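Structure first, commentary second.
We number each residue from 1, following the sequence as shown. Keep in mind it's a predicted model, so treat the numbers as computed, not measured. Computation of the quantities below employed the complete heavy-atom set of this structure, encompassing side-chain atoms and omitting hydrogens, waters and symmetry-equivalent molecules.
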Amino acid sequence: MMATTIIAFIDILLWLIIAVNVFYVLFFALASHLPKKTHQPSAFSLQPSFLVLFPAYHEDAVILHSIKSFLHQDYPKDNYHVVVISDNMTKETNDKLAALPITLLQPTMEKSSKAKALQFAISSISHHPSSIYDYVVILDADNIVAQDLLTKLSKIAKPHQAIQCHRTAKNTDNDIAALDGFSEEINNSLFRKGHNRIGMSSALIGSGMCFDYDWFTTNVTKLDSAVEDRELEALLMKQGIYIHYAEDIFVMDEKVSNSDNFQRQRLRWMTGQIQALFRMLPYIPKAIITGNINYIDKTIQQALIPRSILLVLTPMLCLIATLTSYLIHQPSSISPHPSPFFHLKWCCLFVALCIALYLAIPKQMRQQSLFSKLVSLPILVWKMILNIMKIDHNNKEFIHTTHDK
């Protein structure tokens, strides 16, 4: 009898933990289908100026293509300035970059990080009297954008101090890259589109970000971890600054295409998630008192279980609950018949998760052969589970993933 009670208690506890994650996902998946709020175009009398930063750490394979592509912007050349922060790239690459109409910075860092690269760039650029900009745009070394990116940003920039563009996959050449692309679009629906549709702040994603220049130069010096996007997010939430999701402004991003890179990338993300959670928790009491819903929500996001792990964990627990139900409710036991409610709640949870993830996938992607690619999911989830043992919330070193093209 005691063993049965303990099993039932553990079952309910696990179900509640998973249920919080599933219903959070379901709520914002549904919210992403609400009508889009219309925004009036910016009323800038003059076109705003942009400082465009490309932090590049060991990115010789992709940086030249990205910069050459970006320089085809249809925006006035005098109104934007491209800066590449070259960290540990070859002399050959640097020489080719130096020949382009950009500013090339080559910092020497004992321990590299994106935050340090951004700080170095702002410190170097702000010393020049002519360096006065309206906005700063942050792109990754592998990002490819349309020629009208700055033109589109200029039309929506004025009311906002922080904008997250729609980052999407530029490669789906194998199952891993395709699944990574699906994952990104699901996160776009849940944490950016769904949030904005109900008036809440979008999440940042590390690149395709645009900030008010004065705000950024003031706050970039406060970054001191390898998860600068989550730090920026927390700073914005503390200051009550809304993050707008520009879902129609696309930034093409290379997805990881092999399991080792996937594991390193997810280790960086999972480590960042835990680091952000520990950093954000102390401010929660003040956020509750002041009614800072966006800060509370962003803190909850750091505690959520990754969706791919949920997708494997939930049916596994459903199966375990079903088997356990029949084992502890045999005729020789106190209860003569199996209790369907012991495992039925898990089945309902799994169905709710599948519905949520389906709703979060953009309509144009639902026709793609997703199910044929799911064969790669178990090994990727296993690598993510292995990462749990490697997470060090005190680690401030940047975990680099290589790019192929």
Side-chain angles (χ1 to χ4, degrees), residues 1-34 175 178-180 182-191 194 266 270 273 297 300-301 303-363 365-388:
M1 185 66 178
M2 179 64 71
T4 303
T5 303
I6 292 172
I7 291 173
F9 174 78
I10 294 173
D11 174 71
I12 291 293
L13 182 62
L14 285 173
W15 188 88
L16 288 173
I17 293 171
I18 302 297
V20 168
N21 284 265
V22 170
F23 289 120
Y24 183 97
V25 171
L26 181 59
F27 176 80
F28 284 106
L30 291 168
S32 70
H33 289 269
L34 293 173
D175 289 353
L179 285 173
D180 196 17
F182 271 105
S183 174
E184 180 133 278
E185 290 298 348
I186 288 172
N187 288 340
N188 282 335
S189 294
L190 299 177
F191 303 118
R266 263 41 183 191
M270 292 166 74
Q273 190 172 331
D297 173 68
I300 292 172
Q301 285 181 19
L304 293 177
I305 299 170
R307 266 61 60 203
S308 51
I309 290 181
L310 270 183
L311 194 57
V312 173
L313 188 61
T314 306
M316 282 180 57
L317 290 172
C318 181
L319 177 62
I320 292 170
T322 301
L323 294 174
T324 306
S325 173
Y326 281 88
L327 286 174
I328 68 175
H329 292 97
Q330 294 301 312
S332 58
S333 186
I334 295 174
S335 178
H337 301 291
S339 172
F341 299 104
F342 194 77
H343 59 275
L344 185 60
K345 62 182 183 295
W346 283 104
C347 296
C348 292
L349 207 57
F350 180 57
V351 170
L353 177 62
C354 291
I355 292 172
L357 295 179
Y358 179 80
L359 290 173
I361 297 174
K363 288 182 180 180
M365 295 184 71
R366 293 176 191 167
Q367 305 304 319
Q368 297 181 23
S369 53
L370 172 61
F371 292 103
S372 65
K373 297 174 174 61
L374 290 178
V375 293
S376 299
L377 185 61
I379 185 64
L380 298 181
V381 171
W382 174 245
K383 285 182 174 289
M384 290 179 68
I385 292 172
L386 291 177
N387 278 340
I388 294 174

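Across all non-hydrogen atoms, the minimal contact from Asn187 to Arg307 is OD1-NH2, 3.1 Å. Cys347 and Cys318 get closest at one heavy-atom pair: SG-SG, 3.2 Å. The nearest pair of heavy atoms linking Glu185 to Pro362 is CB-CD, 3.8 Å. Across every non-hydrogen atom of Ser189 and Ser32, the tightest pair is O-CB, 3.5 Å.
The line from CD1 of Ile309 to OG1 of Thr314 is 11.0 Å long, rounded to the nearest 0.5 Å. With rounding to the nearest 0.5 Å, the separation of CG in Leu190 from CZ in Phe27 is 11.5 Å. Annotation: the span from Ser183 atom OG to Ile361 atom CD1 amounts to 10.5 Å, rounded to 0.5 Å.
Residues forming a side chain to side chain contact (heavy atoms under 4.5 Å, CB included) with Ala356 (at least two apart in sequence, or on another chain): Val25, Leu26, Ala29. Evaluation of the side-chain hydrogen bond (donor to acceptor under 3.5 Å, both in side chains) rule for Asp297 yields Tyr24, His195, Gln301 as partners, not counting sequence neighbours. The ring pair (Phe, Tyr, Trp, His ring centres under 6.0 Å) check on Phe350 picks up nothing, with sequence neighbours excluded.
Between Leu349 and Trp346 the shortest side-chain heavy-atom distance falls below 4.5 Å.
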Going by atom type alone, with no hydrogens or angles, which donor-acceptor pairs under 3.5 Å involve a side-chain atom of residues 13-23 and a protein atom two or more places apart or on another chain?
unit_1: Trp15; atom_1: NE1; unit_2: Lys345; atom_2: O; d: 3.0
unit_1: Asn21; atom_1: OD1; unit_2: Ile305; atom_2: N; d: 2.7
unit_1: Asn21; atom_1: ND2; unit_2: Ile17; atom_2: O; d: 2.8

